[in-house]
Amino acid sequence: MFAAMRPLTERFGHRISQNALIAAIGVCIGVPAAAQCSLQETWKGDVIPESSRDFATKRVSAGGQYNVTIRPRGDSIPVSRIHSWVLHIETAGGAPVDSAAICIDGGMPEHGHGMPTRPKMTENLKNGDYLIDGMKFSMRGWWVVKFTVATASGTDSVRFNLTLK
Amino acid sequence: MRAAAKRAGVVGLAVSILAATLGVATNRATAPANWTSDELKTIRTLGLRTLAALPPDPSNRFADDPRAARLGRELFFDPRLSSNGKVACATCHLPNKQFQDGLPLGRGVGTTGRRTMSIVGTSYSPWLFWDGRTDSQWSQALGPLESAVEHGGTRTLYASVLAANYRDEYEALFGPLPSLANVPKNAGPNGTSTERAAWNAIDEARRDSITRAFANIGKAIAAFERTIRFAPSRFDEYEASLDSTSPKRAQSDLTANEIAGLKLFIGPAKCVNCHSGALFTDNNFHNVGVIDAPTDSGRAAGIRQALTGEFNCVGKYSDAKPSDCAELTFAVVDGPDLLGAFRTPSLRDVVPRAPYGHSGRFGSLAAVLDHYNRAPRAKLGSSELVPLHLKPMQLRQLEAFLATLSHRP
């Protein structure tokens, strides 16, 4: 149950927490992707106006490396219930990416808190699809979900806006 | 006479203008049209009638067994389950006080470090205690039994209480009680050094069977606790009345102040950000700057205990399959949100539940609302609160709304 919308502009202007900066440094020096997943943003002070939020379900990562599509399982995204998503990742050229490590983070910038769970990629479904388990949103409203995708060719991240109704 | 009527008219007009300024109707609620469609959607998520069915607890296969609930009820009120024979679960979780005690800090055989939480509605929470250090009602019930300041007893003591007083009911449900021949009266892994040494002297198989009986005490108590539910409040009647087909509408209006409070609650006061859903809680953990002991890290420590707890969802005494334990598997285990964060309590029946906060530091709802309005910096971690700049009258309106969440006698 998320609204669709305009093409991507990675215009969040998020203040990255100290931990996220450490994570970014970790990426640069080649720390394995799994180690970065425990470092989360604070989701404080990243509020962008409602009119500027992009609710597209397919977006280009911030550095332009990957095209990423979210496919929540089921007809709608439930509130306060753990559920799964399928994430589809392609290269900028449209080829499925089959060897990615993925970190998932999310939160409510207006409320200053993160997701109530720490979702994980639990299965590589092949052809660029990955099963993401442990997704949970504790309430209605505007959420931002961030995926950090790491492959041999580089690490990049992408954010999706959701409005749970 | 005419002058008096004119004066009354002026006063009436002034009241109307004031009410319009506040965005509320005078005296009683009138039409649902007072609410925007977004507000109505939010209000409807708060009504008790929208509460989902009781979620199953796969970690406790006795959770919905009426025999377990009957045994659990007896155990809940039995003070023999304590080191001094005087402390039952009901000592701090009093049925006539919404299963809490009205004290700043709980008092068992000693004094606890936190406020006693109410049991009502906890069947819906994936995490228990203020810091969520257990992940089921049955594992929660076991914590106080072994706490030195709550029940203060040991596993062998509790097994002996079962054997002496509940053998038939217990064995009909759970199978044979362990043999306690040559087992010290007081031995347990979380007791005094003497009790721990005595526990370690018992052979492993016997320790396991005693621990299983101990876990079953928790499962029976949890089965009883699942029968403890919230009852509808005046707010619920109002929420139901917003459905125009409801015949109860005439009896279910809230006052203007209460409606103004509800508007603030779901609007500028941002209460609904965490106190959401039919139980007025997101069952999640938030730092709201309420810290008395800077050493109490709240959820940051609680999740560590939940992950390693002997009685958690994936432990050997749980009846769940690992795939049933998603909350534990996907728990947030670190990060900035956890430090100084505590579980959001329900606001149902909140008025008679003073004092407030995990340390019971707020003596009144007015004091709580003042805290949220000022949003002081956290002494530990980072508070999620921002100053609300609400006026005193608005704080009183919020308090008036909260009073509508009390169940009908």
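So you know, we letter chains A, B, ... as the sequences are listed, proteins then strands, and number each from 1.
With hydrogens and angles disregarded, no donor-acceptor distance shorter than 3.5 Å links the side chain of B:Asn273 to the backbone of A:His111.
Looking at A:Arg140 and B:Ser276, their side chains never bring a donor and an acceptor atom within 3.5 Å of each other.
Contact annotation for A:Met135: neither backbone nor side-chain heavy atoms come within less than 4.5 Å of a heavy atom of chain B. Only the side chain of B:Pro126 comes within less than 4.5 Å of a heavy atom in chain A; its backbone stays farther off. Residue contact with chain B, scored on non-hydrogen atoms closer than 4.5 Å, involves the backbone of A:Pro119 exclusively. Residue contact with chain A, scored on non-hydrogen atoms closer than 4.5 Å, involves the backbone of B:Val272 exclusively. For a residue to count as touching a neighbouring chain, one of its non-hydrogen atoms must lie under 4.5 Å from one of that chain's; by this rule B:Ala331 touches chain A with the backbone only. With a 4.5 Å cut-off on non-hydrogen atoms, B:Asp38 touches chain A through its backbone but not through its side chain. When heavy atoms are compared at a cutoff of 4.5 Å, A:Ser138 approaches chain B by way of both its backbone and its side chain.
From A:His113, atom NE2 reaches atom CG of B:Asn284 across 7.0 Å, with rounding to the nearest 0.5 Å. In this structure, A:Asp133 CG and B:Thr329 OG1 are separated by 9.5 Å, a value rounded to the nearest 0.5 Å. Rounded to the nearest 0.5 Å, atoms NZ (A:Lys165) and OG1 (B:Thr45) are 14.5 Å apart.
No more than 12 heavy atoms of other residues, nucleotides or ligands sit less than 6.0 Å from atom CZ of A:Arg81. Counted within 6.0 Å of NZ on B:Lys270, heavy atoms from surrounding residues, nucleotides or ligands total 12 or fewer; the atom is thus considered open.
Looking at heavy atoms from C-beta onward, A:Arg118 lies in side-chain contact with B:Asp334 at the 4.5 angstrom threshold.
Among residue pairs with one or both ends in residues 45-60 of chain B, those qualifying as salt bridge (charged side-chain N to carboxylate O under 4.0 Å, His left out) are B:Arg49-B:Glu239; sequence neighbours excluded.
The pair B:Glu327-A:Lys136 meets the salt-bridge criterion, since a charged nitrogen lies less than 4.0 angstrom from a carboxylate oxygen.
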